[in-house]
Number of protein chains: 2
Amino acid sequence: MSSATEQKIIDAAVRLFASQGYDATSVQEIVTAAEVTKGALYHYFRAKDDLLFEIYRQLITAQSADMDRIIELGLSSADTVREILVSLVVSTAERVDETAVFVREMHRLDEARMTEFRAERRRYHETFLGVIEKGQADGEFSSAVPADTVVRIAVGVVNQLPVWYRPDGAKPPARLATEIADFVLAGLTGS
Amino acid sequence: MSSATEQKIIDAAVRLFASQGYDATSVQEIVTAAEVTKGALYHYFRAKDDLLFEIYRQLITAQSADMDRIIELGLSSADTVREILVSLVVSTAERVDETAVFVREMHRLDEARMTEFRAERRRYHETFLGVIEKGQADGEFSSAVPADTVVRIAVGVVNQLPVWYRPDGAKPPARLATEIADFVLAGLTGS
DNA sequence: GTGGGCATACCGACCGGTCGGTAGGGTGGG
DNA sequence: CCCACCCTACCGACCGGTCGGTATGCCCAC
């Protein structure tokens, strides 16, 4: 449960962190943008980096839930991979700022949170990896390229999306998602 | 021409920026790590962010030169793409720290340098794009997926490489490069 | 002797975080 | 019904400390 004030602060923080970076954004800037005061911020958050962690948590939770939901559908390997990629690209496009912050400032987490976060990311990777390896074992995918490299490539594109994606660009997110999925599947099934 | 002191400063800066981030690294830390003093740093650089720009410049210059050299060989489209990818992956693996800094702190450049940098990156992208489009026009590659998406995917993997690549990992850079190139080429030629 | 290559001491701005205080809505004893 | 009490949400001036940058001068190679 998060109050309206709390969400306003997070929204402002995401926007500012994405455009200027975490360290370059002062707490004062955040509260000014959120139209609250420092007192309010430190009432809800113990420290500035709690904001970062909260942003990550929201993002990872949503992505993991998406993937789990898709896998449970029990589609073919190819369709599962396609759905995972499409949902990942579309949801990332909807949250470019969060993703940009996440990619750039991840390393600023403290030890404990970094460990927790790495575990969650590892789980995500290995689930995705499992889907591809199953497809290769079934003969549905080519085994020419190792599954872990394919996962790296897929995750790589998505994480770089904030660098070039513009909401007002020529290609809508769904189109981009389809193109990326097509390419990855062509690489998996071809040759 | 850069003096030994100048290069020591840049090397130390790259290492520290990569592990802690630009803002979280103080000028004092840099000069201590480089075993020089602030006087020396401000003798060679006008400001802290000159260091950033110098790091980018060295990276982009090297990559552009690599690509130009490969294109001049006049290989087939497939071999040209393969060589570009292999050289990109290998040289990025050799410069993980520089790439990590580049990806994470790029947005901190001031207006003028950002414009200059964007022009250089654009040139790189369009050259790569041209190679792929030529292959598609010749019928050597499939046109199923637009060339610009392929470029985005390729550059995306490389830029995310610092996140997961470890020099002491199981796969040597050349192996990784081959796998990535195989996958991209499978996507380009298949289906 | 003079200028490039530094060293050292220092400045002012700014930042994250604190802390004493307040406004206002709920609530329970009389 | 009401008022004393309290508690949550919030305010904003302020502090210790750090940081990028500068001013000044030494020193040695030419």
Side-chain angles (χ1 to χ4, degrees), chain A residues 1-57 101-102 104-114, chain B residues 1-57 101-102 104-114:
Chain A
M1 193 64 209
S2 83
S3 74
T5 302
E6 201 174 342
Q7 198 58 48
K8 273 209 300 183
I9 292 171
I10 290 183
D11 289 348
V14 167
R15 239 177 306 128
L16 290 167
F17 289 167
S19 76
Q20 312 176 351
Y22 174 78
D23 284 303
T25 302
S26 70
V27 170
Q28 190 55 55
E29 280 181 279
I30 297 172
V31 298
T32 301
E35 293 175 302
V36 299
T37 61
K38 268 181 136 181
L41 191 149
Y42 281 96
H43 175 72
Y44 288 108
F45 303 94
R46 264 173 315 167
K48 189 185 175 188
D49 64 1
D50 282 19
L51 292 170
L52 263 193
F53 188 67
E54 189 55 27
I55 294 169
Y56 298 167
R57 211 186 48 76
V101 174
F102 168 77
R104 283 195 318 233
E105 317 279 0
M106 184 172 33
H107 65 291
R108 207 165 302 276
L109 289 174
D110 58 59
E111 194 85 25
R113 285 169 168 175
M114 185 61 104
Chain B
M1 198 61 222
S2 81
S3 75
T5 301
E6 202 174 342
Q7 197 59 46
K8 274 210 300 184
I9 293 171
I10 290 183
D11 290 347
V14 167
R15 239 177 306 129
L16 290 167
F17 290 167
S19 74
Q20 313 177 351
Y22 174 79
D23 283 304
T25 302
S26 70
V27 171
Q28 190 56 53
E29 280 181 278
I30 298 172
V31 299
T32 301
E35 296 177 298
V36 298
T37 62
K38 272 176 113 175
L41 191 151
Y42 281 96
H43 175 72
Y44 289 107
F45 303 95
R46 265 172 315 167
K48 189 186 175 188
D49 65 0
D50 282 19
L51 292 170
L52 264 192
F53 186 67
E54 188 55 27
I55 294 168
Y56 299 166
R57 212 186 47 76
V101 174
F102 169 77
R104 284 196 316 236
E105 317 280 1
M106 184 171 33
H107 64 291
R108 207 166 300 277
L109 288 175
D110 59 59
E111 193 86 25
R113 283 169 169 173
M114 186 61 105

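Chain identifiers are assigned alphabetically (A, B, ...) following the order of the sequence lines, protein sequences preceding nucleic acid strands; residue numbering begins at 1 within each chain.
OP1 or OP2 of C/dG5 sits under 4.0 Å from a side-chain N or O of B/H43. Contact annotation: B/Y44 side-chain N/O to C/dC6 OP1/OP2 distance is under 4.0 Å.
The distance from the NE2 atom of B/H43 to the OG1 atom of B/T5 is 9.0 Å, given to the nearest 0.5 Å. Atoms OG1 and CG, on A/T25 and A/L16 in that order, are 5.0 Å from each other to the nearest 0.5 Å.
In this structure, A/S26 reaches the sugar-phosphate backbone alone: every heavy-atom distance under 4.0 Å involves primed, P, OP1 or OP2 atoms, never a base. Across all strands shown, A/K38 has heavy atoms under 4.0 Å from base atoms, whether or not it also approaches the sugar-phosphate.
Chain B approaches DNA chain D within less than 4.0 angstrom (heavy atoms of the protein), and the contacting nucleotides run 5' to 3' from D/dC19 to D/dT22.
Counting only heavy atoms from C-beta outward, the side chains of A/F102 and A/L52 never approach each other to under 4.5 Å.
Using a 4.0 Å cut-off between a side-chain N of Lys or Arg and a carboxylate O of Asp or Glu, A/R113 and A/D50 qualify as a salt bridge.
B/F45 places its CZ atom 12 Å from the P atom of C/dC6, with the value rounded to the nearest Å.
Considering only residues two or more places apart in sequence or on other chains, B/Y22 meets the ring-ring contact (aromatic ring centres under 6.0 Å, His included) condition with B/F17.
Of the possible donor and acceptor atoms, one in the side chain of A/E29 sits under 3.5 Å from a partner among the backbone N and O of A/S26.
Between A/G39 and A/T25, the residue anchored nearer the 5' end of DNA chain C, judged by the nucleotide with its closest heavy atom, is A/T25.
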